[in-house]
Amino acid sequence: MSGAAAIRAGLEECAALPEGRQKAERLEVLAAQARTADDRSLEGEVLLTLIDAYLYASEGDRMPVAAGRLLRLLDDFPAELGPLTYSIHWRLKWMTHSLVGNPAVPLETTHRWLDELQSRYRERGYSPRPVLALRSLLAQETGDFETAAAAMEASIAAPNDAMADCDACEHNGWGAWRDAAGDDEGALELWAPLLDGELTCAEEPHRVLGQALLPLLRTGRVADARSAHLKGYSLARRTLSLREAVGQHIEFCALTGNEARGLEILTEHAAWLVPHGEEVSRRLGFVCGAAVLLRRLTALGYDDLPVGDRTAGAALGDLEREIGDICARYDARNGTRVVSERVAARLSREPLLDRLPLGSPVRLPRPATAGAAVPVPPRPAQASLEDLVAEARRLSTLRHPHADEAWERVGAAGAELPEPVAARVELRRAGTAMEQDPGAAYARLLAVADRFERLGDRADALESRAGAAVALAYAGDRAGGEALAETVTAEAAAAYAQGTIDAGEYLAARRAGAYVAVSTLAGPDGPAETDVLAARARVEAELSVAEELGGTGRAGTYHEMLARISLLLGDPGAARTHLTSALDRYRDAGTPWLAARPAGMLGQIALDQGDPESAEGYASTALEHGGELLPADEAAGLSSLLVEALTRQPGRELDVVGAALAAAARWDGISEPDTLHNTFAAARAYHVLDRHGEAAALFEEVMPRVEVPYEGEAVARTRAQYGRSLAELGRHREAAEQFVMAARLVQDDPDAKELHAELAWSAAESLQFAGRADEALPAFQRAARLWGDLGEVVPRVRCLRAAAWLMDWTGEDSHMADSHMADGDMADGVTAEPPGVTAMRAVLAELESLAGAEPSEEVAAELAETRRQLDSMLDDDGFDSFDLGLDLEENVEEDVEEGEGRE
């Protein structure tokens, strides 16, 4: 092989290599070889390819040498390099961009080159539009925003010719200009065509989806920011030239309460933390994003978490030193501190949101510095013991969820507590222990009651004994609990009549009777009806007393109890009435956190009765009233209720996304099946909205654990949805894998034959579009057989037609229909038909036979379409010139489009 031939062969080999240093090194060798060859045009091709490799390996700083050689070749050998003139001048823009971002290149050199580039463009008749945009970029780097604005405005006004960047890249640059000036709204307006998918190119919207993350958050477009992350990270993932965007996604996670997800992304790209000769500007963008995350982890106490081969703390130290060095180089070149100040502002950013659910069920481990499992709440600064006690009493009166914590602060005050205060602390602790060990709680409550009696505190003694009655019943001694409750109630009535306790204290003491009565209704076997009726009577009596004495909050509790009793009696109407009353009473009492339970129950009843709109309202009300005061499992359950209510309302898919991801976040660490189920619900909602980038990103995160929440057919349907989103994104090979796995799950299920056929057809389509014709052909034939077994004519013939076109394309023989002629046989001197034509004729014959026996509009339509496709195949093929692939995609796509309604 000659030298030139070997170089061309090397170029072909390089085309198959992945982007990166290895490919660039191979091309550098070829460039050196081409320089000694007697073919300047070939050398130009190699240099152009090398510049491309530098770009996609994020090694733009290496471009100038190759670009300089190209220019010398063009100047010295214009005839040989003439056909490459346009390509050379196009790459010169890339090289100039790398000069602008390279701190090793003096500003004077960069300005001279910009003048030279503009002169060369003018000589060739090209517009100065891209050169002016580069001048603006350089002015932005040096902090001269007035010059930057003038240059960018002049660029936008200049003629738009063949040398201008594509519309997508130009809009990115315009938005980045406004972003650098601190104009979030202006940047987003210019980026809108990219964010909306109207403009695309090889690296857009990949880059802008990372750039827009924080502007979207700062302007309140939280759902759009989440969407940009889900869609954008999957596009930028593992792409060397997009490492800046990856850094932006890591930073976004750090600033939205998703530190664990950010760490997961950073760990996946841990190799990028070590310099590999990439251009400085791109490296700075990535490592700054990583440093924002590492600073956040350090602030949360996670210095020792592994990041690659280092800890987070060690990695942060290394990156901060490197970032400082890079910034110093920029400042020295620019004569300003613009870059270092911009980077310092970026590194010091505080979280913009406490938590934005992203659908990634990943959590950080407990930091090594974490305290006890149930830490004592911190004592407010300069709070006296009297202040702590007063606050604890106030919260207790309100039945606030933080009352126990307030009393723990009192107990941890450090000084020896006065006996009345110590007894009250013990009362709260004994009551808290009731659920875990009611027997022990009973003894502790009686003991603390005696302490209050000795102190002459009649109200607290009665409250303690009331708690002991409930604990005794919980421990299994129903009769003992009832007897003690009756005694306490009688004593409290007498004390109230004497004026030694007030109405609130009286109601607190006599609550025991209702609680003991209701406690008898619990149990695995269900309560006896007599017990239910007795409990209802007792709670109704307590409700009457509470209403009479103005105990609004207590009345809410009794209405809630009566609602549960009504449900046991099969009376949802009465339950709704009591729950509504409970909701109102809790609100009137100023205890909205207690209103969350009845609101949630009303929501579940509404959902069960087919009223998802009301269910949504009640679930939202419950979450709003409960806020951060709800127990984690209760908040998670209410979130799932809201998701279910929204899912049952057509057109609410975008609301489902936010609600489902919030629910997934709440279930994380409580129930893995619920976490995954809600994430899948968000993915499906995106899928229905045709927002397949976001859908695929969510599916990809949780699909490895799809068997946790689902089984069998549900897993198959979920994989099918993922596959369809992948197909819409053009990721046909991955789509085919999902469809094939889904089909295998149901192939032996007699109740899922139609689903099996659907999946087989979808797998065949994806295999065909992935260019795997050898696998697609038998897949279409298998799908046709499955549809035939079901007696479904239309999908069967469409699969057969697709198979025929594949045979026409590949020349493979068909085993789907018998032929009366063997290969190579002659009949009356006519050569045998190509296999695709034979297969299409077999489909036609089948339809003609069916049309004669069982005529229908469907059969007639398919018959006409098959004749049209056969004519098209014959027109393209003839029998003398068999053209592989003509009309294959067009006709297969027609059959796919005709079958889109089959779902």
* Structure fact -> In terms of heavy-atom contacts, A228 and L213 come closest through CB-CD2, 3.8 Å

* Please walk me through it: do E170 and W174 pass side chain to side chain donor-acceptor pair (under 3.5 Å)? -> CA-CA 6 Å; E170 283 200 326; W174 300 343; 5.1 Å; no

* Asked: Can you tell me if H276 uses its side chain to pair, donor with acceptor, with the backbone of A271 under 3.5 Å?
  -> yes

* Asked: Does W787 offer a backbone N or O that forms a donor-acceptor pair with the side chain of E792 under 3.5 Å?
  -> no

* Asked: Within a radius of less than 6.0 Å around CD of E711, do more than 12 heavy atoms belonging to other residues, nucleotides or ligands occur?
  -> no

* State whether a side-chain donor-acceptor pair under 3.5 Å links T718 with R684. => yes

* Any C253 side-chain heavy atom under 4.5 Å of H229 side chain -> yes

* Using modelled atom types only, decide if a donor and an acceptor are shared between the side chain of D808 and the backbone of A804 within a distance under 3.5 Å. => no

* **Gap separating the OH atom of Y233 from the CD1 atom of I250, nearest 0.5 angstrom** => 7.0 Å

* Asked: With a 4.0 Å cut-off, would you call R226 and E694 a salt bridge?
  -> no

* Mind checking whether L806 and Q768 have side chains closer than 4.5 Å, heavy atoms only? -> yes

* Could you check whether the rings of H692 and H687 sit parallel, tilted or perpendicular, using 30° and 60° as the cut-offs? => perpendicular

* Hey, are D668 and R363 close enough for a salt bridge, meaning a charged N less than 4.0 Å from a carboxylate O? -> yes

* **N/O donor-acceptor pair under 3.5 Å between N258 side chain and R261 backbone** => no

* Step by step, would you call T866 with L800 a side-chain contact (heavy atoms from CB on, under 4.5 Å)? -> CA-CA 10 Å; T866 304; L800 292 176; over 6 Å; no

* Any chance you could measure S234, atom OG, to E700, atom CD, to the nearest 0.5 Å? => 7.0 Å

* V706 side chain reached by F699 side chain, heavy atoms, under 4.5 Å -> no

* To do: Spell out, as yes or no, whether a donor-acceptor pair under 3.5 Å connects the side chain of H171 to the backbone of L190.
  => yes

* To do: Look at R733 together with E737 and state whether they make a salt bridge at an N to O cut-off of under 4.0 Å.
  => no

* Asked: With a 4.5 Å limit on heavy-atom distance, are the side chains of D749 and L755 in contact?
  -> no

* **Full working for side-chain contact (heavy atoms from CB on, under 4.5 Å) between L294 and L266** => CA-CA 10 Å; L294 293 172; L266 181 58; 4.0 Å; yes

* Asked: Between E865 and R801, is the closest basic N to carboxylate O distance under 4.0 Å?
  -> no

* Find out whether S639 and L623 are in side-chain contact, i.e. whether some heavy atom of one side chain is under 4.5 Å from a heavy atom of the other. => yes

* Ionic contact status for E616 with R648, cut-off 4.0 Å -> no

* Mind checking whether R349 and L214 have side chains closer than 4.5 Å, heavy atoms only? -> yes

* Is the CD atom of Q22 crowded by more than 12 outside heavy atoms at less than 6.0 Å? -> no

* Structure fact -> Looking only at heavy atoms, the pair that brings P306 and L263 closest together is O-CD1, 4.4 Å

* **I265 backbone acceptor or donor facing H269 side chain under 3.5 Å** => yes

* **Where R705 and L676 come nearest, the two heavy atoms and their spacing** => O-CD1, 3.5 Å

* Structure fact -> Heavy atoms of E19 and A53 approach each other most closely as OE1-CA, 4.2 Å

* **Any side-chain donor near an acceptor of the partner, E278 and W272, under 3.5 Å** => no

* side-chain contact (heavy atoms from CB on, under 4.5 Å), paired with E754, selected from L790, L786, L759 -> L790

* Do you know which two heavy atoms are closest between G693 and L729, and how far apart they sit? -> N-CD2, 3.7 Å

* Over 12 non-hydrogen atoms of neighbours within 6.0 angstrom of CD in E198 -> yes

* Asked: Between atom CZ of R719 and atom CE of M703, what is the distance when rounded to the nearest 0.5 Å?
  -> 5.5 Å

* Steps toward salt bridge (Lys or Arg N to Asp or Glu O under 4.0 Å) verdict (R178, E189) -> CA-CA 10 Å; R178 297 314 308 149; E189 182 178 353; over 6 Å; no

* Step through it carefully: locate the ring centre of Y710, locate the ring centre of F680, and say whether they are under 6.0 Å apart. => yes

* To do: Return yes if some donor-acceptor pair links the side-chain N/O of S671 with the main-chain N/O of W667 below 3.5 Å, else return no.
  => no

* Asked: Any donor-acceptor pair under 3.5 Å linking the side chain of T679 with the backbone of T675?
  -> yes

* Structure fact -> Here the gap from R355 atom CZ to E259 atom CD, rounded to the nearest 0.5 Å, amounts to 8.5 Å

* **Residues V702, V708; criterion side-chain contact (heavy atoms from CB on, under 4.5 Å); working and verdict** => CA-CA 10 Å; V702 291; V708 173; over 6 Å; no

* To do: Could you check Q211 against D179 for side chain to side chain donor-acceptor pair (under 3.5 Å), going step by step and ending with a plain yes or no?
  => CA-CA 9 Å; Q211 292 167 288; D179 182 45; over 6 Å; no

* What heavy-atom pair brings L689 and L654 nearest, and what distance separates the two atoms? -> CD1-N, 3.8 Å

* To do: Walk me through it: do E251 and R346 pass the test side-chain contact (heavy atoms from CB on, under 4.5 Å)?
  => CA-CA 9 Å; E251 178 182 16; R346 182 178 181 183; 3.0 Å; yes

* Structure fact -> One should read off an interatomic distance between R207 CZ and L235 CG, to the nearest 0.5 angstrom, of 12.5 Å

* Given side chains that start at C-beta, do those of Y618 and L641 come closer than 4.5 Å, heavy atoms only? -> no

* If only atom types and distance count, is the side chain of R243 paired as donor or acceptor with the main-chain N or O of R283 below 3.5 Å? -> no

* Asked: Has the side chain of E701 got a donor or acceptor atom that lies under 3.5 Å from a matching backbone atom of A697?
  -> no

* Asked: Around atom CG of D196, are there more than 12 heavy atoms of other residues, nucleotides or ligands at under 6.0 Å?
  -> yes

* Asked: L847 versus V793: any side-chain heavy-atom pair under 4.5 Å?
  -> yes

* Asked: Which residues pass the side-chain hydrogen bond (donor to acceptor under 3.5 Å, both in side chains) test with E653, sequence neighbours left out?
  -> none

* Distance, nearest 0.5 Å, that separates CD of Q721 from CZ of R724 -> 7.5 Å

* Asked: Would you call the rings of H732 and F769 parallel, tilted or perpendicular, where under 30° means parallel and over 60° means perpendicular?
  -> tilted

* To do: Please say whether more than 12 non-hydrogen atoms of neighbouring residues, nucleotides or ligands are located less than 6.0 Å from CZ in R218.
  => yes

